[in-house]
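To start, the structure itself, in structure tokens.
Treat the numbers as computed from the prediction; the structure is a model and nothing was measured.
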Amino acid sequence: TGGSRHTGLAAPPHRNIHVKKCVQEIDAQFAGNRYYEYCYQANYRKIVKSERTFKYISEYANINKIKKILLAYKLFYVGCSRVKKELTVFVSADKVKSYKQQFIDTFSKMEFQVDISHILGNLITVIFDYQ
């Protein structure tokens, strides 16, 4: 067994520097983009602060979060476009607790009736009446 061998998620220091530089360029390109900041900013910070860049790069490059957001958007769009009389959406209060008021304000601006009484357990009910 001669020479050094890198296993696991650790990479040689020169590769970490190259990856960090690429990630910094991406971050600079999307600076101020709220979608980028929501989906990637936390992972970017981990990469920049860490010596083990490759440990966090897979999270940074993961597009599943974006796929989930787009799927939710598509489902909501289809629901809105096909509804005949009334559209009712149930949202877990726990899922929106960090931006609950913004969530309520946004749906209220779109003329949805927002019920936060939690009659159905931990759910927020959002209703749009098409009459």
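The distance from atom NZ of Lys67 to atom NZ of Lys74, rounded to the nearest 0.5 Å, is 10.0 Å. Atom CG of Leu71 and atom CG of Leu75 lie 4.5 Å apart (nearest 0.5 Å). Interatomic distance, CD of Gln41 versus CG of Asn43, reported as 10.0 Å (0.5 Å rounding). A distance of 13.0 Å separates CG in Leu87 from CZ in Arg82, rounded to the nearest 0.5 Å. Taken to the nearest 0.5 Å, the CD atom of Glu25 stands 5.5 Å off from the NZ atom of Lys21.
In this structure, the side chains of Ile26 and Tyr40 stay at 4.5 Å or more apart for every pair of heavy atoms. With a 4.5 Å cut-off on side-chain heavy atoms, Phe112 and Thr106 do not count as touching. Using a 4.5 Å cut-off on side-chain heavy atoms (C-beta onward), Gln101 and Ile104 make contact. Residues Ile63 and Cys39 are not in side-chain contact: their nearest non-hydrogen atoms beyond the backbone lie 4.5 Å or more apart. Using a 4.5 Å heavy-atom threshold, the side chains of Asp27 and Tyr36 count as touching.
By the neighbour-count criterion of 12 heavy atoms within 6.0 Å, atom CD of Glu111 is sparsely surrounded, having that number or fewer from other residues, nucleotides or ligands. In the displayed structure, Lys65 atom NZ is contacted under 6.0 Å by more than 12 heavy atoms of other residues, nucleotides or ligands.
Grouping the Ile, Leu, Val, Met, Phe, Trp and Tyr side chains by contacts below 4.5 angstrom, directly or via other members, places Tyr99 with Val89. Under the 4.5 Å side-chain heavy-atom criterion for Ile, Leu, Val, Met, Phe, Trp and Tyr, Ile69 and Tyr44 are members of distinct hydrophobic clusters.
The aromatic rings of Phe107 and Phe103 are tilted relative to each other, their planes meeting at an angle between 30° and 60°.
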